[in-house]
Amino acid sequence: MLTSITEGILCCLTGKSGNAVLPVEPSDAAPSDGFEFVEVKPGRVLRVRHVLPERSANPELQQEQGTSVHCKRKITVYRNGQLVIENLGDVLRSEILHCPNGEVEQCSTVEVELADYFTAPSSPEPKPAPPSLPASDQQKPAPPPRRRRRKPKRTVLIDSERCISSCKGTHSDVALFFIHGVGGSLDIWGRQLDFFSKLGYEVIAPDLAGHGASTAPQIAAAYTFYALAEDLRAIFKRYARKRNILIGHSYGVSFCTFLAHEYPEQVHKVVMINGGGPTALEPSLCSIFQLPSCVLHCLSPCLAWSFLKAGFARQGAKEKQLLKEGNAFNVSPFVLRAMMSGQYWPEGDEVYHAELTVPILLVHGLYDKFVPMDEDQRMAEILLFAFLKVIEEGSHMVMMECPDTVNTLLHEFFLWEPDITRKDCVDDIPVTPTVTTDTMTDENTGTQISNKPVNK
């Protein structure tokens, strides 16, 4: 603690931030580990772990056709902040939604409030009973009330065909991209990278700028959402295959959403781990991360302890060792401050997320203190095609706390393929005993959505 305070004072006097993260020399990384250094821009180098498994000369023949689904929906935004989502008889929804009487639901409509979705829209006050009328007047039925036609502010139409198939490690056209969040590194995915590479998958995991062993530019503009998104766009274009699966954690989920929106034909499936709600990003002006870098450097021990307490369900020697092995929350105060201040992404609102037609698996740690359960539930309601899985023993760093459970969920989702021929039951991901599962979608049977947990 005293060392941190001393270094913080020197930081204020010299104007330089301590603990600058510098790239590891390529010779320091063993070739067998698959570490590469990619220059996404002049002087901007990211460390990437790329494992390309050795496949036999005659790999397993893959089924290219998969299951073709029709995604058709209409999204209308009104000036009063109301969002109306209409699913117009798409095949995908028909396969997983069933009416109470056993018949397949062909279409549905959702109305939600954009202004404040934490409270359900209140119902209007009941009107007083009209005075009694003479018998002669009662014979004439009153005309129905005229509804004022509202003019929409924005209308989005989606009409596309998507082929969803099982992605096996033996398929040479499948690649897995793992993207970490603020303060993390590619090392937090260590158990996932080893697990899926041994199954034959090609895995790609980059260190964001200023994290892990990537370069750390000493300019705040290098850590805005758009700057980091362009870095990941370059990584994606370099390693992308025909079918790509994006796995993001926390802030990394926003970049997965961005790539899925930019490359809908190449992104096959998406996994969002404790990513939060479908809201536009905007930095908080009252956050502790708005303090000067030297002050954050003095507070680094407190911040590290707070992250350990909020990011893990338990705070023991095992969790501390996981943080050390994962190189998590080991960034300079300048990078941390710039990352938190640069989270500005106004395009990433609910309509932006509702436009996604890719299948999405939402994973939430029950004890997560950074991301409330309501936010992931809201995300599941807005997305066209989403499954929400809650891991009871996990928190924000659930992929490190419960690696076996997370790996099993992800693998089942990768292999999952919708079966539209089965009409007697819901074709969902197999349930594991340690996970509380709910199939979360963005439609109810014509009713108005509130923010309460949805049971389906």
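No experiment lies behind these values; they were computed from the predicted model shown. By convention here, the first residue in the shown sequence is residue 1.
- When every heavy atom of Pro359 is checked against every heavy atom of Phe413, the shortest pair comes out as O-CZ, 3.6 Å.
- Residue Lys237 places its NZ atom among 12 or fewer non-hydrogen atoms of other residues, nucleotides or ligands, all under 6.0 Å distant.
- For Glu282, the CD atom counts as loosely surrounded, since its 6.0 Å shell holds 12 or fewer non-hydrogen atoms of other residues, nucleotides or ligands.
- Between Ile164 and Val69, the closest heavy-atom pair is CD1-CG2, 3.9 Å.
- A pairwise comparison of heavy atoms in Glu375 and Pro278 identifies O-CD, 4.3 Å as the closest pair.
- For Phe370, the CZ atom sits in a packed shell: over 12 heavy atoms of surrounding residues, nucleotides or ligands are nearer than 6.0 Å.
- Phe225 has its ring centre less than 6.0 Å from the ring centre of Phe255.
- The main-chain N or O of Arg243 is never found under 3.5 Å from a side-chain atom of Asp173 such that the two would form a donor-acceptor pair.
- Under the 3.5 Å distance criterion, the side-chain polar atoms of Ser197 are matched with a main-chain donor or acceptor of Asp194.
- To the nearest 0.5 angstrom, His411 atom NE2 is 6.5 Å from Phe196 atom CZ.
- Atom CZ of Phe37 and atom CG of Asp207 lie 8.5 Å apart (nearest 0.5 Å).
- With sequence neighbours excluded, no residue forms a ring pair (Phe, Tyr, Trp, His ring centres under 6.0 Å) with Tyr344.
- Heavy atoms only, all atoms of each residue included: Gly348 and His353 are closest at O-CE1, 3.4 Å.
- Shown here for Ser160 and His70, the closest heavy-atom pair between the two residues is O-CD2, 3.4 Å.
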Kindly list each side-chain donor-acceptor pair under 3.5 angstrom involving residues 175-190, sequence neighbours excluded, with atom names and distances?
unit_1, atom_1, unit_2, atom_2, d
His180, NE2, Leu208, N, 3.0
Ser185, OG, Asp187, N, 3.2
Ser185, OG, Gly326, O, 2.8
Asp187, OD2, Arg47, NH2, 3.4

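- Counting non-hydrogen atoms of neighbouring residues, nucleotides and ligands closer than 6.0 angstrom, the CD atom of Gln321 exceeds 12 such neighbours.
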